[in-house]
Colleague: 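Provided herewith is a single structure, encoded as structure tokens, for subsequent inquiry.
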Amino acid sequence: MRLEKLLTELDYELVQGTLDKEVADIAYDSRKVKKDVMFVAIDGTVVDGHTFIPGAIEAGAGVVVIEKDVTVENPEVTVLRVENARKALSLMSAAYFDYPAKKMITVGITGTKGKSTAEHMVRDIIEQSGKSCGIIGTVGAFMNGKVIPTSHTTPESYELQKIFAAMVEEGCEYMVMEVSSQGIKMDRVAGIEFDYGVFTNLSPDHIGPGEHEDFEEYMCCKAELFRRCKKGIINRDDEHFEDIVRDATCEIVTYGVSEEADMVATNIEHVVNGGDLSMAFTAKGMLSGNIVVGLPGRFNIYNAMCAACTGVVLGMPEKVILHALEHVKVRGRVEAMPVSEEFSVLIDFAHNGVSSESVLSTLREYKPNRIVSIFGCGGNRSKVRRYEMGEVIGRMSELAIITSDNPRREDVMDIIEDIKVGMAKSDGNYVVIPDREEAVAYALEHAEKGDMIVLLGKGHEEYQEINGVKHHYSEREAIVKGMKKVYGKDFSYML
């Protein structure tokens, strides 16, 4: 692509060289530079890309983008100076891939919790309406059955635009993505105007070195989405609602249990059907009728309202919205495995004290006979997390089965000893079974009628990291193997 075309929406200073050049590709990692590739030097939180400019030029970079005073000796190299290299990367990446986001109807979802679940709900509503939809989030990017792994909830701008382009190529009419606060702060979505922005909720998170300076900054980044979209769909009940909408430039519609919302949930019920857990409520306002949500917990009422409200503003048929919400399943998010009418088995990604407490509180609302929690903690991480998880799970479970998670380069038994320190503060009952598959089989073998067995920590992941090596492991496969071993029943069709 001609260099000048990449710079259409960019403010820059031509430090040296000419704009009359062809650019083969764009890179912000000097190791990916080849002949005629543009190198964008980003001053990151860990390393400064400006130090890699000589290596990038040696590898063949014909254009270098900087945001600091840097001398480039080679006169053949074009040097452009910008105020913000990350933002420049985003704007140029969009141009390089020919603005793919503008070729789809785009939905950006932000908030502290519920982004992944709401995203999957909205995707299901769109696809069951006969439309093609791609999604990007915590567990990767998905389009037409294809999966692209991602390293961040909101990928770096070049990767993001590349995924958009792939979605367009696949014929996606809609794109739904999680927009993290870091994605906004780090300009990964700079230059994108979303058709719809969605807000789930807000609580303190991602505050600290390398993330957000304080809660105020975190909240401002979330609110920024509503100055970058045409229409906002927002949780009216969140305590920070007024702060989120204060400077919004888009049209706003709201959902919640508050009568002030445009879509209101009433008559909320917890439903147990065999081993399956769900919620039910009555909606009025923008959508009226009885709604069943195929996921447990009051918080999923909000996720469902969020998705239903989004479905309405997208113009999706009401009967499709209701059907999609009733049958929704989100991998690794309080995901039910209905293997028995006698007890429930669920999988969740909760891997710290706060999220574990949230999940177990949700299950307690269904009045189980017992909560049986299977969990471990990650290696080479803070011991405080182990103490907290041990204490919370010991306090909130009738039985805890302590096992392996991702021990990484630590001995799993050392991690378990730390968990037991927290467990001792709760007087909770527990057993130790280091092999996770064996732990799952033990829980299934000793299940009592009305029990809720919850596997915490792995969620959607399909590996265990041991001594720096990722070994295949799936919670679903462990459950299926356990049911086969203990009861002789084959549930392999669930995989």
Side-chain angles (χ1 to χ4, degrees), residues 109 111-125 128 198-201 233 235-238 254-259 261-312 316 318-338 340-341 343-350 355-369 371 396 450-454 456 459:
I109 302 177
T112 302
K113 300 175 183 176
K115 296 189 295 297
S116 294
T117 301
E119 174 189 57
H120 282 77
M121 288 177 168
V122 173
R123 189 271 307 274
D124 288 355
I125 290 169
Q128 291 180 32
V198 179
F199 171 74
T200 59
N201 51 65
I233 298 133
N235 179 356
R236 184 65 181 80
D237 296 346
D238 191 84
T254 60
Y255 63 91
V257 299
S258 165
E259 288 293 330
D262 296 305
M263 185 183 290
V264 182
T266 61
N267 303 323
I268 296 171
E269 297 179 63
H270 294 74
V271 181
V272 181
N273 182 15
D276 229 350
L277 310 179
S278 57
M279 300 294 294
F281 67 98
T282 301
K284 63 179 184 178
M286 291 174 62
L287 185 150
S288 297
N290 296 320
I291 297 178
V292 176
V293 187
L295 295 171
R298 189 179 180 87
F299 58 88
N300 275 316
I301 295 291
Y302 279 94
N303 291 331
M305 288 290 288
C306 172
C309 196
T310 304
V312 170
M316 301 300 161
E318 182 174 309
K319 65 179 182 180
V320 173
I321 295 172
L322 299 180
H323 182 271
L325 294 178
E326 183 173 356
H327 296 90
V328 67
K329 297 296 176 188
V330 182
R331 205 163 178 81
R333 299 299 194 276
V334 204
E335 177 189 359
M337 289 284 286
S340 174
E341 291 286 323
F343 54 86
S344 301
V345 183
L346 304 109
I347 301 168
D348 196 82
F349 190 51
S355 55
S356 297
E357 185 166 17
S358 175
V359 171
L360 298 181
S361 296
T362 294
L363 299 186
R364 188 61 65 189
E365 292 173 346
Y366 289 87
K367 299 179 172 53
N369 172 50
I371 291 178
M396 301 189 70
D451 279 357
M452 292 184 182
I453 301 170
V454 57
L456 297 168

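We're numbering straight along the sequence, starting at 1.
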Colleague: Do V312 and Y255 touch side chain to side chain, with heavy atoms closer than 4.5 Å?
Modeller: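 No, side chains not in contact.
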
Colleague: On a heavy-atom basis, which atom in C306 and which in A118 lie closest, and how many Å separate them?
Modeller: SG-CB, 4.1 Å

Colleague: Under 3.5 Å, side chain of D237 to main-chain N/O of V257, donor-acceptor pair present?
Modeller: yes

Colleague: Are side-chain heavy atoms of L322 and L287 found at a separation under 4.5 Å?
Modeller: yes

Colleague: Taking only residues two or more places apart in sequence, or in another chain, which ones meet V328 in a side-chain contact (heavy atoms from CB on, under 4.5 Å)?
Modeller: M121, D124, L295, V330

Colleague: Say you draw a straight line from OG1 of T362 to CE of M279; how long is it, rounded to the nearest 0.5 Å?
Modeller: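 The OG1 atom of T362 sits 8.5 Å away from the CE atom of M279.
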
Colleague: Determine yes or no for a side-chain-to-main-chain donor-acceptor pair under 3.5 angstrom, with D262 supplying the side chain and M286 the backbone.
Modeller: no

Colleague: To the nearest 0.5 Å, what is the distance between CD1 on I233 and CE on M263?
Modeller: 9.5 Å

Colleague: Checking R364 now: which residues fulfil salt bridge (Lys or Arg N to Asp or Glu O under 4.0 Å) with it, not counting sequence neighbours?
Modeller: E398

Colleague: Looking at side-chain heavy atoms only, is the closest gap between S361 and M396 below 4.5 Å?
Modeller: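 The answer is yes, as the side chains (C-beta and beyond) meet within the 4.5 Å cut-off.
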
Colleague: Main chain of H323, side chain of H327: is a donor-acceptor contact present, judged purely on distance under 3.5 Å?
Modeller: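 Looks like yes, one N/O pair under 3.5 Å.
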
Colleague: Please name the pair of heavy atoms, one in V271 and one in A280, separated by the smallest distance, quoted to 0.1 Å.
Modeller: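 Distance-wise, the nearest heavy atoms are CG2-CB, 4.0 Å.
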
Colleague: How far does CD1 of I453 sit from CD1 of I371, to the nearest 0.5 angstrom?
Modeller: 11.5 Å

Colleague: Walk me through whether L363 and L277 qualify under side chain to side chain contact (heavy atoms under 4.5 Å, CB included).
Modeller: CA-CA 9 Å; L363 299 186; L277 310 179; 3.9 Å; yes

Colleague: Considering non-hydrogen atoms only, spot the tightest contact between I291 and A283 and give its length.
Modeller: CD1-CB, 3.8 Å

Colleague: Using modelled atom types only, decide if a donor and an acceptor are shared between the side chain of Y366 and the backbone of G297 within a distance under 3.5 Å.
Modeller: yes

Colleague: Which residue pairs pass the salt bridge (charged side-chain N to carboxylate O under 4.0 Å, His left out) test when at least one of the two sits in residues 266-287, sequence neighbours left out?
Modeller: E259-K284, D276-K329

Colleague: If I compare all heavy atoms of G256 with all of M305, which pair ends up nearest, and what's the gap?
Modeller: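 It is O-CE, 3.7 Å.
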
Colleague: If you compare all heavy atoms of T112 against all heavy atoms of T200, which two are closest, and at what distance to 0.1 Å?
Modeller: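 Closest pair (atom of T112, atom of T200, distance): N-OG1, 4.1 Å.
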
Colleague: Can a donor-acceptor pair be found, under 3.5 Å and without considering hydrogens, that links the side chain of T266 to the backbone of T282?
Modeller: yes

Colleague: Which atom names give the shortest non-hydrogen contact between I268 and F281, and what distance separates them?
Modeller: CG1-CB, 4.0 Å

Colleague: Is a side-chain donor or acceptor of N369 paired with a backbone partner of D451 at a separation under 3.5 angstrom?
Modeller: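 Not confirmed, N369 side chain does not pair with D451 backbone.
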
Colleague: What distance do R331 atom CZ and S116 atom OG have between them, rounded to the nearest 0.5 Å?
Modeller: 13.5 Å

Colleague: Rounded to the nearest 0.5 Å, what's the gap from CE on M452 to CG on L360? Could you check?
Modeller: 11.5 Å

Colleague: How long is the gap from OH on Y302 to CG on N201, to the nearest 0.5 Å?
Modeller: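 Between Y302 OH and N201 CG, I get 10.0 Å after rounding to 0.5 Å.
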
